[in-house]
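Please read the structure below before turning to the comments.
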Amino acid sequence: MKTRVLVLGADGYVGRRVAAALAASDWAEPIAAGRRAGKGGAPGRITLDATDRWAVRNALAEADAAVNCVAGPAPVMVAGARALREAQDARPGGPLRLVHFSSMAVYGSAEGPVDEGHLLNGDLGPYAAAKASAEQLLTGREEVATLRPGCIYGPGSPQWSVRIARLLRAGRIGDLGVAGDGCSNLVYIDDVVAAVLAALRAGAAGGRAYNLAMDGAPSWNDYFAAYARALGAVPLRRIGRRRLMLETSLLAPALKIAGIAGRRIGMADLPPPIPPSLARLWSQDIRLLSQRARDELGLSWTPLETGLRETALAAAMAAGRGPGQPGKGG
């Protein structure tokens with residue numbers, strides 16, 4: 001009999017990929033749970049509010065293991081973690097194996113090499129604070145394995161591939177000088193999914209946290225340069241400090257407001273903002289150490305060249321042009 005794995009947050013980028021990988025395996029059967037109804041009553045798909053502890057409890061009763069990929073606004077992530085903990089505690093057969101997605105954001109403004117034993121930094125913004133609160137609610141329990149990925153890139157990654165491609169093609173980012181010298185802590189989506197599957201099956205993974213970032217992750221400047229070449233978005237522009245400050249202090253608030261208004265009237269293809277938090281990340285020299293994931297979960301990291309080739313190919317297909325062909329800015 002296959003292991004039934006409840007995937008909470010299955011509508012998101014990571015959740016969709018995890019559910020697909022479980023379905024393709026010979027040992028697991030996913031139960032994909034999301035807020036939206038599945039098309040045509042897709043098998044293994046349920047509609048569920050992850051903040052509703054009764055709904056989560058009922059879903060856990062039908063599963064053998066779970067993966068928490070719930071993302072979204074800070075209050076939703078914390079409420080979802082609280083509902084999951086309460087549902088786990090109330091489960092008649094006892095808590096089941098859980099893989100919980102946290103983030104490198106819990107390390108806050110830390111710099112230098114950081115392993116899983118690093119104290120969670122108290123200097124946290126709303127998103128990072130919510131991730132840290134969710135960890136406190138769920139982790140440190142024998143049945144829970146916690147994943148702290150860096151920046152997840154790959155085909156269709158909304159934050160670190162799609163958005164970056166749009167900014168590169170528009171010439172809004174490029175060589176940022178010292179403002180882009182921070183470590184990117186990239187991790188390819190397939191490696192993240194492999195970590196989930198390994199943590200579900202590894203008996204020693206419970207109660208442990210795992211950083212996920214490729215060995216020798218490039219600086220953001222080097223990532224932008226390599227990705228721009230793969231996209232055909234060259235030559236790369238030099239973006240000075242003044243231009244970057246203009247983006248973060250003046251354009252970002254206006255674009256954020258425009259994006260909110262645009263989504264309400266069905267205009268989704270608006271230029272992405274560059275908020276101050278993103279610019280700070282590009283200069284932050286924090287380097288995740290992922291030795292534990294390699295040793296205990298048996299992971300290996302996709303080479304950057306391979307990951308960017310697949311990512312650029314997917315981007316080109318989505319835009320209706322060949323790999324490496326220049327496109328319009330956006």
Side-chain angles (χ1 to χ4, degrees), residues 4-23 28 30-38 42 44-91 95-106 120 124-141 143-152 154 156-160 187 189 192-193 195-197 199-200 205-206 209-210 212:
R4 297 165 299 175
V5 182
L6 176 67
V7 182
L8 297 165
D11 291 333
Y13 175 63
V14 173
R16 292 195 307 270
R17 298 293 291 256
V18 168
L22 290 167
I31 305 170
R35 293 180 66 92
R36 298 190 295 270
R45 167 79 193 198
I46 63 173
T47 304
L48 180 147
D49 178 354
T51 66
D52 183 341
R53 64 188 177 97
W54 295 109
V56 176
R57 181 178 177 179
N58 290 336
L60 288 182
E62 303 299 322
D64 304 306
V67 183
N68 183 27
C69 304
V70 173
V76 171
M77 291 190 290
V78 176
R82 183 174 293 110
L84 182 53
R85 174 168 182 155
E86 292 176 0
Q88 281 271 73
D89 290 343
R91 188 171 183 270
L96 45 68
R97 171 61 63 89
L98 170 66
V99 177
H100 169 65
F101 266 94
S102 185
S103 166
M104 67 172 281
V106 298
L120 303 193
L124 304 176
Y127 173 82
K131 284 293 188 182
S133 295
E135 275 206 32
Q136 291 170 359
L137 286 165
L138 290 171
T139 61
R141 299 155 65 105
E143 73 276 6
V144 181
T146 301
L147 303 182
R148 294 174 183 160
C151 298
I152 304 173
S157 167
Q159 296 296 324
W160 306 114
V187 58
I189 181 59
V192 174
V193 173
V196 174
L197 271 60
L200 284 170
Y210 297 90
L212 302 179

| request: Under the side chain to side chain contact (heavy atoms under 4.5 Å, CB included) rule, what do L22 and L197 come out as? Steps first, then yes or no, please. | output: CA-CA 8 Å; L22 290 167; L197 271 60; 4.0 Å; yes
| query | Which pair of heavy atoms, one from A59 and one from I46, lies closest together, and at what distance? | reply | CB-CD1, 4.0 Å
| said: Quick one, L96 with Q88, criterion side chain to side chain contact (heavy atoms under 4.5 Å, CB included). Give me CA distance, side-chain angles, the key distance, then yes/no. | reply: CA-CA 7 Å; L96 45 68; Q88 281 271 73; 3.6 Å; yes
| query | Roughly how far apart are S157 OG and R17 CZ, rounded to 0.5 Å? | reply | 9.5 Å
| Note: D11-R45 ion pair, threshold 4.0 Å (strictly below) | yes
| task | State, to 0.1 Å, how close V56 and A87 come at their nearest heavy-atom pair, and which atoms those are. | result | CG1-CB, 3.7 Å
| field | Donor-acceptor pair, side chain of D64 and main chain of R4, under 3.5 angstrom | value | yes
| request: Check P126 against A74 and note the closest heavy-atom contact, atom names and distance. | output: O-CB, 3.7 Å
| Less than 4.5 Å apart, any side-chain heavy atom of V106 and any of L124? | no
| note | Here the pair of heavy atoms bringing T51 nearest to G80 is CG2-N, 3.9 Å
| task | Taking the side chain as every heavy atom from C-beta outward, state whether L60 and L84 have any pair of such atoms under 4.5 Å apart. | result | yes
| Taking 4.0 angstrom as the limit, do D89 and R141 come out as a salt bridge? | yes
| request: Quick one: pull up CG in L137 and CE in M77 and give me the separation to the nearest 0.5 Å. | output: 12.5 Å
| Gap separating the CZ atom of R57 from the CD atom of E86, nearest 0.5 angstrom | 10.5 Å
| A10 versus R16, closest heavy-atom pair with distance | O-CG, 3.1 Å
| query | Of all heavy-atom pairs between S102 and R148, which one has the smallest distance, and what is that distance? | reply | CB-CG, 4.0 Å
| Close side-chain approach of E62 to N58, heavy-atom, < 4.5 Å | no
| query | Nearest 0.5 Å, what's the CG-CG distance between L6 and L48? | reply | 7.0 Å
| said: Applying side chain to side chain contact (heavy atoms under 4.5 Å, CB included) to V18 and V192, what does each step give before you reach the verdict? | reply: CA-CA 9 Å; V18 168; V192 174; over 6 Å; no
| query | When I152 is tested against each of L212, V193, I189 for side-chain contact (heavy atoms from CB on, under 4.5 Å), which residue passes? | reply | I189
| message | To the nearest 0.5 Å, what is the distance between CZ on R85 and CD on Q136? | response | 10.5 Å
| query | Does R97 reach the main-chain N or O of A199 with its side chain, forming a donor-acceptor pair under 3.5 Å? | reply | yes
| Between V67 and L200, is a side chain to side chain contact (heavy atoms under 4.5 Å, CB included) present by the stated rule, with each step listed? | CA-CA 8 Å; V67 183; L200 284 170; 4.1 Å; yes
